[in-house]
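First the proteins, then the strands, lettered A, B, ... as listed; each starts at 1.
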Amino acid sequence: MAKNYYITTPIYYPSAKPHMGHAYSSIVADFFARFKSIDGFKVYFLTGTDEHGLKIQRSAEKNNKDPKVFCDEISKTFKDLTKILNLSNTDFIRTTEERHITSVQNLWNILKKNKQIYLSKYSGWYSVSDEAFYNDDEIEEKEGLKVSKSSGSSVEWVEEESFFFKLSKWEKSLLEFYENNKDFIRPKSRRNEVISFVKRGLKDLSVSRKSFSWGIKVPNDDNHVVYVWLDALTNYLSSLNYPDENNKLYKSFWPADLHIIGKDILRFHAVYWPAFLLAANITPPKKVYGHGWILSGDEKMSKSKGNILDPIEIIKVYGLDPLRYYLLKEVSFGNDGSISETKLESCINSDLANNFGNLCQRVISFAEKNCSSLIPDHSFNDDDLKILNSLSNVDKIRTMIDNQDINQYMNFIIDRLFASNKYFNDQEPWKRKNDKLRLSTIVYTALELIRKISILLYPVMPQTILKVFRAFNIDEKQINISSLKNNDFFKEKDKINKLDILFKKIEND
RNA sequence: GGCGGGGUAGCUCAGUUGGUUAGAGCGCGGGACUCAUAAGCCCGAGGUCAGUGGUUCGAUCCCACUUCCCGCUACCA
């Protein structure tokens, strides 16, 4: 059985610099990517930037820049972010790249050939910032300006020739597809929303624009550019060298296993995207997960409220791994979550410094003083085996990951951390100095516990966990989920290196 | 207006296919220990499980209604 796994983030729209929401999507996707890769999967992890559309064209004009130059600059900040977030992505795609343009035009041609696209005339209200068309009844007048009722962004009257995709035709097929692929939309509550949306009926979708030029040209009709969503979504194929469907990447990784997206773009991914693909005879992806927003305290982050927490600034102050840990643990995946410096600090102190960090410290330092920093001898009793085996059920853990139960996964880790600290306490190795084998076994068991928990924490905090493994002379390639089943991984007399403090506590008055 | 989700300890949340004392973390109070980042461990305080009514021997969990919050969506305009 091929163990391949294809996961994506949204491609980000570079009209402004990266914010916490981008960081969150990316960190979540990286978490899954890293878990799968230490679980023996060949992982293809894609992220990138979505660079076409009127909004970009206008931002570029405003800055007196050629749109491509403008995109180069901002796309770079997103590419830099992948490094700052320590993402394990295998590719970074830009929709202005030739490979993507070829891919989109090819998809267009197939849709055209399959008679899924026709030329007609569009008239209606268009919001540049939402990249969406609105009906008369979806707009209202505010302070003399026409704005969208739903987003509040200003709309303009557009009347032009446009190509349409026969979305209306796909209503029934989509509903069947949702029915036959019950996992396609997650979380479940979102699935219900999408289904009820489709059930109300779908209108054909305008998929080209004539009034501006910053986009991918419609084949054989240079006056039109491809609608940004048809353009953007196709990135998931482009990266796999589509349209060459016989190449190794495409054959190994399509259909994608998981698209991680924010709930705001669920409709595009759960309705339009599978419809385009079905219409082009391409298998849709296996799952789309629409996560929630990251709020600042309990409010949406916005410039006017001045409550923006910039991920890059947070990382400068607190470090990357604490942020990754916080977002994965504290945000209930699928729901909105909130972040504040106070909560982040409290999380760092209690979970990372006091619980995990201190566990590593006390055990390794005890081993240094009592076992000469060498892996000691061992002879397990029932207490030892009981706690070690509580970290051996890999199937249970894999199920959590395959169901995207991030919180359950994190809670399991935390629960085992408490149990490990308690184990060390209850066994009181410091009172066993005249029972050398028992003392050694306790230390050995504790080291194994740290090793196992660290494996589970690796997808969450890769940099920190590598430090722990360096103390054990384990390198990144040796980290794997199935070794959780092993209770005596460590070899007697192997050296244990000194471990620096992993997380400093944050002292406030 | 319709559909869906939700209201559980000071805070963030878990849970119960209905069954003696409702759970965790953080925060708070106390205790014993000392390997450790004065960390960890133990004990405790704190909840009419939104409200009302119903089904049941028994409901936080099922049903109805009420109320509040959130999401999707519609209509009026």
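- Using Watson-Crick or G-U wobble geometry with both donor-acceptor distances under 3.5 Å, B:G19 finds its partner in B:C57.
- Taking the C1' atom of each, B:A59 and B:U52 are spaced 15 Å apart, rounded to whole Å.
- Rounding to whole angstrom units, CG of residue A:Asn407 and C1' of B:A24 are separated by 13 Å.
- Pairing partner, B:G4: B:C70, with both Watson-Crick or wobble hydrogen-bond distances short of 3.5 Å.
- Pair assignment for B:C76: none, as no Watson-Crick or G-U wobble contacts are both less than 3.5 Å.
- In summary, the side chains of A:Arg451 and A:Ser483 do present a donor paired with an acceptor at a separation below 3.5 Å, with no hydrogens or angles considered.
- Using modelled atom types, one finds a donor on one side chain and an acceptor on the other under 3.5 Å when comparing A:Asn473 with A:Asn497.
- Ion pairing between a basic and an acidic side chain is recognised when a charged N comes within 4.0 Å of a carboxylate O; A:Lys343 and A:Glu330 show no such pairing.
- Here B:U37 sits opposite no nucleotide as a Watson-Crick or G-U wobble pair (both hydrogen-bonding atom distances under 3.5 Å).
- For B:A64, the paired nucleotide is B:U52, the pair qualifying as Watson-Crick or G-U wobble because both relevant distances are below 3.5 Å.
- Atom C1' of nucleotide B:G4 and atom CG of A:Asn335 are separated by 13 Å, given to the nearest angstrom.
- Between A:Lys329 atom NZ and B:U12 atom P there is a gap of 14 Å when expressed in whole angstrom units.
- Across the protein-nucleic acid pair, A:Lys263 atom NZ and B:C70 atom P stand 11 Å apart, rounded to whole Å.
- B:A22 sits 9 Å from B:G15 when the C1' atoms are compared, rounded to a whole Å.
- A:Glu476 and A:Tyr458 share a donor-acceptor pair across their side chains, judged by distance under 3.5 Å alone.
- A straight line from CG of A:Asn411 to C1' of B:G23 spans 12 Å, rounded to a whole angstrom.
- Between the CD atom of A:Glu341 and the P atom of B:C26 there is a distance of 21 Å, rounded to whole Å.
- Going from the P atom of B:C43 to that of B:C11 covers 25 Å, rounded to whole Å.
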Annotated protein contacts, base or backbone, on nucleotides 5-11 of chain B with a non-hydrogen cut-off under 4.0 Å, one of B, S, - each: -------
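- With a cut-off of 3.5 Å on both pairing distances, the Watson-Crick or G-U wobble partner of B:G10 is B:C26.
- The nearest heavy atom of RNA chain B to A:Glu330 and to A:Asp351 marks one nucleotide each, and the one closer to the 5' end goes with A:Glu330.
- Rounded to whole Å, the distance from CG on A:Asp405 to P on B:C13 is 17 Å.
- Between the P atoms of B:G51 and B:U56, the separation comes to 23 Å (whole Å).
- A:Phe197 places its CZ atom 15 Å from the C1' atom of B:G71, with the value rounded to the nearest Å.
- The pairing partner recorded for B:G46 is none, the criterion being a Watson-Crick or G-U wobble arrangement whose two distances lie under 3.5 angstrom.
- At a threshold of 4.0 angstrom between heavy atoms, the contacts of A:Arg200 include nucleobase atoms, whether or not backbone atoms are also involved.
- Using the six-membered ring where Trp is involved, A:Phe164 and A:Tyr118 have ring planes that are parallel, under 30° apart on the 30 and 60° scheme.
- To the nearest whole angstrom, the two C1' atoms, one in B:C28 and one in B:C69, are 29 Å apart.
- Surrounding NZ of A:Lys436 are more than 12 heavy atoms belonging to other residues, nucleotides or ligands, all under 6.0 Å away.
- Comparing the P positions of B:G1 and B:G58 gives an interatomic distance of 36 Å, to the nearest angstrom.
- Annotation: A:Lys495, atom NZ; neighbour count of heavy atoms from other residues, nucleotides and ligands within 6.0 Å is above 12.
- Between the side chains of A:Lys121 and A:Ser162, not a single donor N or O lies within less than 3.5 Å of an accepting N or O.
- Salt bridge annotation for A:Asp395-A:Arg398: present, with a cationic side-chain nitrogen under 4.0 angstrom from a carboxylate oxygen.
- Under 4.0 Å is where a charged nitrogen must lie from a carboxylate oxygen, and between A:Arg438 and A:Asp384 at least one such pair does.
- For the P atom pair drawn from B:U48 and B:C61, the interatomic distance equals 16 Å after rounding to whole Å.
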Letter by letter from the 5' end, nucleotides 32-42 of chain B scores (B base, S sugar-phosphate only, - none; protein heavy atoms under 4.0 Å) --SBBB-SBSS
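- Taking a 6.0 Å sphere around CG of A:Asn180, one finds it holds more than 12 heavy atoms contributed by other residues, nucleotides or ligands.
- B:U37 and B:G10 have their C1' atoms separated by 28 Å, given to the nearest Å.
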